[in-house]
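Since the structure comes first, as structure tokens, the remarks are kept for the end.
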There are 2 protein chains.
Amino acid sequence: MLSIGKLSGTTGVKVPTIRYYESIGLLPEADRSAGNQRLYDLKAQERLAFIRHARELGFPLDCIRELLSLSDRPEMSCAAADVIAKRQLVSVRDRIIRLQALQQELERMLDQCACGTISDCKVIEVLSDHQNCLHSDHGEV
Amino acid sequence: MLSIGKLSGTTGVKVPTIRYYESIGLLPEADRSAGNQRLYDLKAQERLAFIRHARELGFPLDCIRELLSLSDRPEMSCAAADVIAKRQLVSVRDRIIRLQALQQELERMLDQCACGTISDCKVIEVLSDHQNCLHSDHGEV
DNA sequence: CCTTGAACCTCTAGTTGCTAGAGATCCTAT
DNA sequence: ATAGGATCTCTAGCAACTAGAGGTTCAAGG
């Protein structure tokens, strides 16, 4: 059985984050030592590693919650898991597209700037006047 | 002089967001009508458009605060504005790289999945076992 | 065995950039 | 004059944590 600190060490998830995951029910309530300190077994460790990996892949916590509950039902069809992953892929692709547009806009802005005074700074100018902008709608990134 | 609703209409920034910007000092306190309702002139409108455009380009509010204070000093060198924009460009590029790694990982995960039951679902498997993963560190996206 | 200090505990509050709602007031059009 | 939409202030909530206060427990060294 591992202490929360060791668990943190083996999974790379910070101690307060582990407690946070427990508090929102993503991890089950941990067993406690005589002195009320959390103790974790291998299963908890695997569950946390799963969460961490999914977080690294950008899945929001409620998707992870869903994926975890799916992984507890091995006999079910994996279509639901696929749907979640596909949704995530679409969102990642979308964010890439948007960010690439931003990148171009920022590059253009910087390329044009002769680096004189603020009054003829293209950075400020482009930001001030939407007409100078190639794109009309960026949306959230 | 425009009401907050009209200002919202012309700039595309939602009413509560405008009030929020005022509350955090990004916009100056607006003049008020006899009945205590906010009134905006052209200058306020321009300032808000600036903010909106910078937000669309992904600048965080404290960067925008800095850019706004720069734009108030037209005689200064625009080097500082360039630094902020370059920093933003670096961060955008970095996020693109990370997202592209995620995209590949998700694609690989989905490609491998034969869509049977959860027990042989590659999506769940990849998430469960970091060894199945091409990338070791994704960091925040 | 005792002490020291690191690790742990709970709890609250802060972060970023808003958004949603309650309950009251104002303004405009009929 | 009144109906309704728009505005006002204020609080609370969202994601996904992070930071800090103030107190307890554990493990290693003397």
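Being a predicted model, the structure only gives us computed values, none of them experimental. Numbered from 1 within each chain, the chains take letters A, B, ... in sequence-line order.
Here the NZ atom belonging to A:K43 is positioned 9.0 Å from the CD atom belonging to A:E46, to the nearest 0.5 angstrom. Rounding to the nearest 0.5 angstrom, the gap separating the CZ atom in B:R32 from the CG atom in B:L39 is 9.0 Å. Atom-to-atom distance recorded for B:L70:CG and B:I84:CD1 is 5.0 Å, nearest 0.5 angstrom. Taken to the nearest 0.5 Å, the CZ atom of B:F59 stands 9.0 Å off from the CZ atom of B:R87.
Atoms CD (A:E56) and C1' (D:dA16) sit 15 Å apart, rounded to a whole Å. As rounded to whole Å, 17 Å separates atom C1' of D:dA15 from atom CZ of A:F59. Regarding A:L2, its CG atom lies at a distance of 16 Å from the P atom of D:dC26, rounded to whole Å. Taking atom CD of B:E22 as the reference point, atom P of D:dT7 lies 14 Å away to the nearest angstrom. Protein atom CD1 of A:I51 is 16 Å distant from nucleotide atom P of D:dA15, rounded to whole Å. Atom CD1 of A:I4 is separated from atom P of C:dA6 by 19 Å (rounded to the nearest Å). For the pair B:R65 CZ and C:dG17 P, the computed distance is 10 Å after rounding to whole Å. Distance CZ (A:R52) to P (D:dC17): 11 Å, rounded to an integer number of Å.
Between A:Q37 and B:L39, the residue anchored nearer the 5' end of DNA chain D, judged by the nucleotide with its closest heavy atom, is B:L39. Along DNA chain D, the nucleotide nearest to A:P60 and the one nearest to B:G35 differ in position, and the one closer to the 5' end is contacted by B:G35. Both A:N36 and B:Y21 lie close to DNA chain C; mapped to their nearest nucleotides by heavy-atom distance, the more 5′-ward contact belongs to A:N36.
A donor-acceptor pair under 3.5 Å is absent between the side-chain atoms of B:D72 and the main chain of B:S69, judged by distance alone.
Contact annotation: B:R19 side-chain N/O to D:dC8 OP1/OP2 distance is under 4.0 Å. Checking the phosphate oxygens (OP1, OP2) of C:dT10, a side-chain nitrogen or oxygen of A:R32 falls inside 4.0 Å. Contact check, A:R55 against D:dC17: a side-chain N or O comes under 4.0 Å of OP1 or OP2. Contact between the side-chain N/O atoms of A:S3 and the OP1/OP2 oxygens of D:dC26 is not found at any separation under 4.0 Å.
Between A:L106 and A:M109 the shortest side-chain heavy-atom distance falls below 4.5 Å. Side-chain atoms of B:P74 and A:T117, non-hydrogen and from C-beta on, never get closer than 4.5 Å to each other.
Between C:dC9, C:dC18, D:dC8, one nucleotide has an atom nearer to the side chain of B:L61 than all others, and that is C:dC18. Here C:dC8 is the nucleotide among D:dT7, D:dC26, C:dC8 with the atom lying nearest to any side-chain atom of A:V15.
A donor and an acceptor atom, one from each side chain of B:E107 and B:Q103, are located under 3.5 Å apart.
B:I24 comes within 4.0 angstrom of no nucleic acid atom, judged by non-hydrogen atoms across all strands. Nucleic acid contact for A:R38: sugar-phosphate only, since backbone atoms but no base atoms lie under 4.0 Å from a heavy atom of the residue.
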Pairs under 3.5 angstrom, nitrogen or oxygen only, protein versus nucleotides 19-21 of chain C, please.
| from | atom 1 | to | atom 2 | distance (Å) |
| --- | --- | --- | --- | --- |
| C:dT19 | OP1 | B:K14 | NZ | 3.2 |
| C:dT19 | OP2 | B:T17 | OG1 | 2.6 |

